[in-house]
Amino acid sequence: MILFPAIDLKDGNAVRLVHGDMDQTTVFNDDPAAQAKEFVSAGCAWLHLVDLNGAFAGEPINAAPVEAILKACPVPAQLGGGIRDMATIERWLDKGLARVILGTVAVENPALVREAARAFPNQVVVGLDARNGKVATRGWAQETDVMVTDLARSFEDAGVAAIIYTDILRDGAMKGPNIDATADLARAVNIPVIASGGVSSMADLKALKDTGVISGAISGRALYDGAIDLNAALTALRED
């Protein structure tokens with residue numbers, strides 16, 4: 001199971017939110033590229049980046065720190081937030097991103113997800129963010145009646161590289177991930193599923209891995225707070 005350290009970008013800083021609330025922000029580093037290099041030095045194989053301002057604006061806002069991270073770090077990175085058209089997808093991949101994450105458009109324009117996945121094999125990830133099993137869009141600000149599992153199944157033949165499932169009520173709250181819901185989703189589709197939201201301890205990582213069906217986990221606040229030692233976690237995940 002791959003551990004993805006998360007760098008959430010707001011106003012050029014590396015931050016964490018609670019429950020996706022832009023008013024509940026903690027700044028952890030005003031130099032996101034330096035933070036990324038710390039994660040890489042600890043041995044991570046991937047970086048997970050989110051343009052929080054972009055998610056609300058519907059277009060990239062934190063391009064400068066993302067580009068600085070891509071230049072500073074040799075490991076592949078995936079980015080979500082405000083990526084809602086083919087031109088933006090192509091531009092980011094041309095700049096060196098390994099994968100783009102499409103969230104809002106997966107609900108509002110699923111044909112774009114399919115088009116992008118065909119054009120860029122293994123470089124398109126679907127981000128499914130949910131409250132109580134229902135997908136939320138536009139920086140989690142808009143609720144929908146779309147069920148996560150139904151939407152995930154609709155992309156099974158699209159060729160997407162992975163699905164990132166985030167339980168919004170767990171995100172940034174350090175209360176543990178929704179293991180059952182994530183594992184149920186992973187069993188319901190043939191697309192690799194990455195857990196996100198509330199991954200806050202080594203026990204969480206072990207429990208996710210022990211399901212045998214979850215391919216990755218994203219953690220942010222726990223790494224910044226020291227609740228998870230990244231080097232130790234990566235070593236443990238390799239040894240298991």
Side-chain angles (χ1 to χ4, degrees), residues 1-9 14 29 31-55 59-106 112-129 152 155-156 158-166 186 189-197 199 205 208 214-220 223 230 233-234 237-238:
M1 188 178 79
I2 298 171
L3 176 56
F4 296 77
I7 300 178
D8 290 0
L9 300 162
N29 200 320
D31 186 344
Q35 182 63 63
K37 285 194 282 189
E38 284 185 32
F39 288 150
V40 172
S41 295
C44 74
W46 276 86
L47 291 169
H48 175 79
L49 313 177
V50 181
D51 182 348
L52 293 171
N53 301 103
E59 60 184 8
I61 301 295
N62 287 284
V66 172
E67 291 177 22
I69 289 169
L70 295 178
K71 290 176 182 174
C73 298
V75 303
Q78 58 188 23
L79 170 70
I83 304 174
R84 297 180 191 168
D85 57 57
M86 281 295 287
T88 304
I89 292 168
E90 189 165 2
R91 186 163 64 247
W92 273 125
L93 295 176
D94 284 346
K95 287 181 180 294
L97 267 180
R99 303 198 298 206
V100 295
I101 303 165
L102 304 181
T104 293
V105 295
L112 175 65
V113 176
R114 294 175 175 278
E115 180 186 358
R118 284 194 301 269
F120 306 107
N122 298 314
Q123 292 187 285
V124 174
V125 174
V126 172
L128 300 182
D129 309 323
F155 292 116
E156 283 201 295
V160 299
I163 288 172
I164 296 172
Y165 173 67
T166 303
V189 297
N190 57 19
I191 306 167
V193 171
I194 298 167
S196 177
V199 179
L205 291 172
L208 288 167
I214 296 170
S215 68
I218 294 166
S219 186
L223 298 175
L230 179 56
L234 292 168
L237 290 174
R238 281 195 295 266

Looking at [X] and [Y], what are the two nearest heavy atoms and their distance?
{"X": "L234", "Y": "A42", "result": "CD1-O, 3.6 Å"}
{"X": "L237", "Y": "M1", "result": "CD1-O, 3.8 Å"}
{"X": "A161", "Y": "V125", "result": "CB-CG2, 4.4 Å"}
{"X": "A117", "Y": "A158", "result": "CB-O, 3.2 Å"}
{"X": "A106", "Y": "V113", "result": "CA-CG2, 3.8 Å"}
{"X": "G54", "Y": "R84", "result": "O-NH2, 4.3 Å"}

(request) Could you walk me through whether I83 and I101 pass side-chain contact (heavy atoms from CB on, under 4.5 Å), step by step? (result) CA-CA 7 Å; I83 304 174; I101 303 165; 6.0 Å; no
(request) Could you label the plane-to-plane angle of the F4 and W46 rings as parallel, tilted or perpendicular, counting under 30° as parallel and over 60° as perpendicular? (result) tilted
Quick one: are [X] and [Y] in side-chain contact, heavy atoms under 4.5 Å?
{"X": "R99", "Y": "F120", "result": "no"}
{"X": "I194", "Y": "S215", "result": "yes"}
{"X": "C44", "Y": "L3", "result": "no"}
{"X": "V66", "Y": "W92", "result": "yes"}
{"X": "F39", "Y": "I7", "result": "yes"}
{"X": "E38", "Y": "L230", "result": "no"}
{"X": "I164", "Y": "Q78", "result": "yes"}

(message) Using the ring pair (Phe, Tyr, Trp, His ring centres under 6.0 Å) criterion, which residues pair with Y165? Sequence neighbours excluded.
(response) none
(message) If the condition is side-chain hydrogen bond (donor to acceptor under 3.5 Å, both in side chains), which residues does N29 pass it with, not counting sequence neighbours?
(response) Q35
Got a donor-acceptor contact below 3.5 angstrom from the [X] side chain to the [Y] backbone?
{"X": "S219", "Y": "V199", "answer": "yes"}
{"X": "R114", "Y": "G159", "answer": "no"}
{"X": "D51", "Y": "N62", "answer": "yes"}

(request) Starting from the C-alpha separation in whole Å, work towards a yes-or-no answer on side-chain contact (heavy atoms from CB on, under 4.5 Å) for T88 and E59. (result) CA-CA 8 Å; T88 304; E59 60 184 8; over 6 Å; no
Which distance, rounded to the nearest 0.5 Å, do you find between the [atom1] of [X] and the [atom2] of [Y]?
{"X": "L128", "Y": "L102", "atom1": "CG", "atom2": "CG", "result": "10.5 Å"}
{"X": "I69", "Y": "L97", "atom1": "CD1", "atom2": "CG", "result": "9.5 Å"}
{"X": "I61", "Y": "N53", "atom1": "CD1", "atom2": "CG", "result": "6.5 Å"}
{"X": "L47", "Y": "I218", "atom1": "CG", "atom2": "CD1", "result": "11.5 Å"}
{"X": "D94", "Y": "I89", "atom1": "CG", "atom2": "CD1", "result": "12.0 Å"}
{"X": "L79", "Y": "K95", "atom1": "CG", "atom2": "NZ", "result": "12.0 Å"}

